[in-house]
2 protein chains.
Amino acid sequence: MGVKQKRARYKEEFRREILDAARELFINEGYEKFSLRRLAEKIEYSPTTLYLYFKDKDDLLFAICEEVAEQFLDNLDRVGTLQTDPLEALRQALLYLMEFGLENPNQYKVFFFTNPMVYGTQEEFMERDSMARNSYFAFRKIVQDCIEAGRLREMDTEVLTQVLAVAAHGLIAMTLFNRSFPWADRQVLAHTLVDGLLRGYAP
Amino acid sequence: MGVKQKRARYKEEFRREILDAARELFINEGYEKFSLRRLAEKIEYSPTTLYLYFKDKDDLLFAICEEVAEQFLDNLDRVGTLQTDPLEALRQALLYLMEFGLENPNQYKVFFFTNPMVYGTQEEFMERDSMARNSYFAFRKIVQDCIEAGRLREMDTEVLTQVLAVAAHGLIAMTLFNRSFPWADRQVLAHTLVDGLLRGYAP
DNA sequence: TTTTTTTATTAACATCGTTAATTTAAACCT
DNA sequence: AGGTTTAAATTAACGATGTTAATAAAAAAA
């Protein structure tokens with residue numbers, strides 16, 4: 001009964017086409033309403049066709065995560081090299097992270113809150129080259145520079161990097177997911193958070 | 001074809017029975033595997049029976065959230081009154097929050113990361129009495145005491161409370177959801193985070 | 001006992017991710 | 001050309017989800 005038939009000449013090309021459509025679907029319809037079937041409908045293919053280009057849903061989400069991470073990393077690098085003062089670079093990086101999450105909620109949700117294992121085990125995450133991993137490295141570099149310049153207390157770089165990251169992510173995640181709560185202005189929260197992390201709230 | 005028939009004599013009683021079973025299901029099987037149908041099977045009732053006691057899934061989740069929040073609030077109050085030093089009380093409260101989330105991941109996920117609107121609009125959240133709201137109030141009180149005692153910088157209580165909360169939540173949420181990432185020891189992270197928030201990371 | 005109300009069930013719908021079997025189109029080969 | 005092989009896409013189906021409407025069963029009220 002198939003009336004129209006299409007051929008995707010090059011696998012890579014079509015993969016990109018699918019990913020573009022997926023990203024658009026995420027942005028337009030939101031993270032919650034995304035589904036393989038809707039995506040298939042959007043690109044006017046049968047749902048099963050997707051399985052010729054992606055192993056499963058997680059595989060597709062992983063690809064999207066990498067796209068998002070790439071975009072994020074590009075901007076983070078610009079932020080990092082723009083400032084001469086390492087501490088100011090860190091401040092800007094933290095602010096940028098939060099801005100990125102808040103301005104691209106759907107992409108952020110895919111990136112940080114989908115299937116918790118799309119990047120494999122912890123060892124695999126650190127060994128395999130991925131945009132997500134490189135983002136972390138870039139961020140860690142900024143933190144390290146601060147420590148080496150004596151602008152941050154001497155302490156375990158890994159721990160400090162992670163603490164700073166989770167604090168920033170917390171602001172994004174909470175204001176994004178906990179919509180019933182009357183949050184203060186996000187800009188104010190973001191700046192206050194960075195201030196507190198760097199200077200502390202004690203007088 | 002119904003062979004066995006049961007009667008739930010008192011609506012409230014049965015509601016509790018359902019909630020207990022739901023909580024158990026959450027704890028044993030995990031957040032991801034929870035479903036109304038599994039719950040129904042567990043209590044040996046038909047799935048539709050649940051709809052006689054809860055409007056829909058969100059309504060049930062809300063009830064569970066409130067249970068979790070009640071438990072959380074009880075312990076938070078104990079922490080708050082145990083310490084004489086307000087700043088130490090805050091430190092303990094933050095540590096307890098993180099401990100609670102990390103030790104009860106399933107309940108935490110229900111509480112903070114299910115349907116973002118179970119508590120209604122932001123106005124409704126603040127006006128309606130709820131354990132979730134009261135938890136926030138209790139936490140805010142601890143922060144306020146610190147400010148009034150001059151142990152924290154003078155600033156908007158609401159903003160400061162929220163910033164401290166999201167930072168702590170970030171640690172929980174990230175280590176809970178981002179399982180592919182090789183996090184440092186959570187205890188270390190938690191203590192370092194609180195330290196940083198109160199004293200700052202700058203030298 | 002008969003009627004009414006409460007409680008529970010069955011059947012069904014729309015959605016989801018996914019697999020197996022099958023059809024269609026293109027590419028290849030004398 | 002025509003026939004064969006390979007690649008691409010589709011249909012049908014499975015098991016699972018939340019949810020609604022129609023119906024049966026039991027308890028309470030009359």
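Keep in mind that what you see is a predicted model, and the values were worked out from it rather than measured. Lettering of chains follows the sequences in order, A, B, ..., and the numbering in each one begins at 1.
Put simply, Y51(A) has no side-chain N or O that comes within less than 4.0 Å of OP1 or OP2 on dA9(D). Using a 4.0 Å cut-off, no side-chain N or O of Y53(A) falls inside it from OP1 or OP2 of dA8(D).
For the pair V159(A) and V163(A), the minimum side-chain heavy-atom distance is below 4.5 Å. The closest side-chain heavy-atom distance from L73(A) to S135(A) is below 4.5 Å. Residues W183(B) and V166(A) form a side-chain contact, since some pair of their non-hydrogen atoms from C-beta on lies under 4.5 Å apart.
If you check every strand for non-hydrogen atoms under 4.0 Å, S35(A) touches sugar and phosphate atoms only. Within the 4.0 angstrom heavy-atom criterion, base atoms lie near L52(B).
The S46(A) side chain lies nearest to dT11(D) when the options are dG17(C), dT11(D), dA8(C). Considering only side-chain atoms of P47(A), the nucleotide from dC16(C), dT18(C), dT19(D) that sits closest is dT18(C).
D56(A) has its CG atom 18 Å from the P atom of dA16(D), to the nearest Å. Between the P atom of dG15(D) and the CG atom of L36(B) lies a distance of 21 Å, rounded to the nearest Å.
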**Prompt:** After noting the C-alpha distance and the side-chain angles of Y45(B) and F14(B), does the key distance pass the ring-ring contact (aromatic ring centres under 6.0 Å, His included) rule?
**Reply:** CA-CA 12 Å; Y45(B) 278 80; F14(B) 196 29; 4.9 Å; yes

Using distance only, find each side-chain donor-acceptor pair of residues 89-99 of chain A under 3.5 Å and give its atom names and separation, not counting sequence neighbours.
{"from": "R91(A)", "atom 1": "NH2", "to": "D195(A)", "atom 2": "OD1", "distance (Å)": "3.0"}
{"from": "Q92(A)", "atom 1": "NE2", "to": "E88(A)", "atom 2": "OE2", "distance (Å)": "3.1"}
{"from": "Y96(A)", "atom 1": "OH", "to": "N75(A)", "atom 2": "ND2", "distance (Å)": "2.9"}

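In DNA chain D, consecutive stretches of 3 or more Watson-Crick or G-U wobble pairs with both distances under 3.5 Å are given as paired ranges: C:1-30 with D:1-30.
Between F100(A) and Y108(A), the gap from one ring centroid to the other reaches at least 6.0 Å.
On a pure distance criterion of 3.5 Å, a polar donor-acceptor pair joins the side chain of T48(A) and the base of dT11(D).
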